[in-house]
Amino acid sequence: MTAISLVFRALAALWLGVAAPAAAEPLSALARPDLAASALDDLPGGGVALQLDLSQPVPYRVFTLEAPPRLVVDFREVDWRGISAAALTGSDRVRAARAGTIRPGWSRLVLDLAAPMALASAEMPRDPVSGRARLTVQLGPADPARAAAPAGPPAQTALWGLPAPEPLPPPPRRNDGSRPLRVVIDPGHGGIDPGAERAGISEASLMLSFGKELAEALARAGFDPVLTRAEDVFVPLETRIDIARAARADLFLSLHADALADGYASGATVYTLSDTATDRASAQLAERHDRDALLAGVDLSDKDDVIAGVLMDLARTDTQPRSERLAEAIVAGLGAHVGQLYKTPHMSAAFSVLKAPDIPSVLIEMGFLSSRDDRENLTSPDWRARAAAGIVEALRAWAETDAAEAALLRR
Ligand SMILES: [Zn+2]
């Protein structure tokens with residue numbers, strides 16, 4: 001048993017005292033952090049102490065992650081809205097702090113550590129007079145002898161009481177036009193991961209709005225849309241694919257509007273999956289999406305063993321040309337309805353969220369938040385309605401060709 005799980009067990013016991021409300025009863029009030037009364041301090045010998053002042057005690061758990069080294073604290077019912085964890089400073093051994101929603105009812109604080117550290121203690125005493133709580137976490141230098149001990153979150157079911165995942169359903173029968181096309185719409189980022197931010201606009205909230213509008217437009221046009229998230233919560237990349245598979249999606253659209261550090265790039269781009277990126281900027285974009293998911297406290301497990309890899313390649317042989325046709329159709333649809341696209345509107349890169357082997361998938365960069373023109377478009381309801389209409393038209397055209405091919409293949 002690792003030190004981490006020991007501490008976790010101690011904390012689990014602590015929850016019983018803290019999580020006083022009956023199991024089914026939601027906590028009535030959200031706890032709020034007070035960063036002015038909170039602190040990060042260096043400890044002698046290379047450690048760090050975190051003190052976080054909260055308006056009331058809440059259930060929580062603490063764990064560390066490696067590569068890059070991070071401390072993660074999950075809280076039940078702590079409201080971080082309007083509070084920037086970046087204000088938690090005071091230790092050179094903590095490079096950055098961020099916090100936000102990770103799933104409904106739960107939020108997460110992540111500290112990026114300058115070096116691997118080990119959890120020494122964690123407690124959340126409550127002040128009997130004020131009723132406030134103070135989370136105190138102490139980290140010590142990582143013990144080299146323990147270097148091989150696995151760090152990582154305890155099984156998520158221990159925290160959230162979720163049922164174990166069902167075995168995945170069989171791949172969906174290919175749609176031959178006899179039922180509405182089930183379109184999974186994936187608004188990028190969310191919760192603790194806001195995505196790109198420019199001029200007070202976040203990619204996560206903008207794509208959530210557009211995702212909902214697109215879902216409405218698709219439903220009106222007779223499609224069967226499903227959203228991977230309908231609120232401002234963090235959804236790990238793998239979970240987004242799992243949602244699509246569980247929904248037996250006919251296709252998967254991930255929606256983004258990233259920012260580029262340099263250049264004046266503007267216009268929409270449609271990405272398909274490839275191990276070799278079209279260009280350097282595309283490769284960096286794909287890496288950044290994986291890194292955002294990683295930094296939010298979730299490790300992308302590399303499930304691809306050799307046999308699974310071969311099977312997935314076989315499935316992709318069938319799916320990849322359908323994804324390419326989907327990208328071409330969306331480029332045409334957006335071109336017809338909103339005009340200006342990026343100079344090379346169909347590109348490819350190794351986006352993890354596009355890796356479902358059996359579901360045609362594309363990632364649409366609706367525009368660049370780093371471009372003023374694109375920001376104006378993306379925040380215009382009229383422009384967004386035209387973009388949605390372009391995608392609806394594209395899916396109609398794609399579905400017709402794809403269903404005709406499916407009918408041929410069944411003979
Ligand atoms: Zn993005």
Side-chain angles (χ1 to χ4, degrees), residues 98 100-102 110 184-215 227-241 243-244 252-263 265-274 277-298 300 323 327 330 334 341-342 344-356 361-375 377-379 384 387-388 391:
R98 75 190 75 85
T101 315
I102 188 118
V110 182
V184 168
I185 299 168
D186 173 46
H189 309 275
I192 191 173
D193 167 23
E197 292 175 294
R198 288 290 192 283
I201 306 165
S202 85
E203 181 185 0
S205 66
L206 202 53
M207 288 304 105
L208 180 57
S209 303
F210 181 67
K212 288 177 174 173
E213 291 161 8
L214 179 59
L227 285 159
T228 55
R229 67 179 180 95
E231 53 190 311
D232 185 25
V233 293
F234 176 77
V235 184
L237 296 177
E238 285 187 345
T239 306
R240 295 171 191 259
I241 297 175
I243 291 169
F252 178 86
L253 305 177
S254 193
L255 302 176
H256 290 258
D258 283 273
L260 293 185
D262 53 312
S266 69
T269 323
V270 186
Y271 279 95
T272 44
L273 177 70
S274 168
T278 314
D279 60 6
R280 211 172 119 72
S282 302
Q284 287 172 341
L285 201 58
E287 277 166 27
R288 192 163 75 231
H289 281 130
D290 283 3
R291 196 167 60 237
D292 284 346
L294 184 71
L295 289 176
V298 178
L300 294 173
S323 297
I330 293 173
L334 284 176
L341 302 178
Y342 185 60
T344 49
H346 177 185
M347 304 223 279
S348 60
F351 286 101
S352 287
V353 78
L354 299 181
K355 284 184 177 165
S361 304
V362 299
L363 184 147
I364 311 176
E365 290 282 352
M366 297 301 302
F368 297 100
L369 273 192
S370 41
S371 150
R372 198 162 55 91
D373 288 352
D374 283 5
R375 280 203 303 274
N377 287 338
L378 291 162
T379 52
R384 291 206 306 262
I391 294 173

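Order of appearance sets the numbers: ligands from 1, and atoms from 1 within every ligand.
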Identity of the N, O or S atom of His256 lying closest to the Zn ion (ligand 1): ND1

Heavy-atom side-chain proximity of Thr272 to Leu354 below 4.5 angstrom: no

Angle subtended at the Zn ion (ligand 1) by NE2 of His289 and OD2 of Asp258, nearest 10°: 90°

Glu203: its N/O/S atom lying closest to the Zn ion (ligand 1) (atom name): OE2

Atom pairs and distances, side-chain donor-acceptor, residues 195-202, under 3.5 Å, sequence neighbours left out:
unit_1: Ser202; atom_1: OG; unit_2: Ser205; atom_2: N; d: 3.2
unit_1: Ser202; atom_1: OG; unit_2: Ser205; atom_2: OG; d: 3.1

Under the side chain to side chain contact (heavy atoms under 4.5 Å, CB included) test, residues paired with Glu287 that sit two or more places apart: none

N, O or S of Glu365 under 2.8 Å from the Zn ion (ligand 1): no

Heavy-atom side-chain contact between Met347 and Tyr342 under 4.5 Å: yes

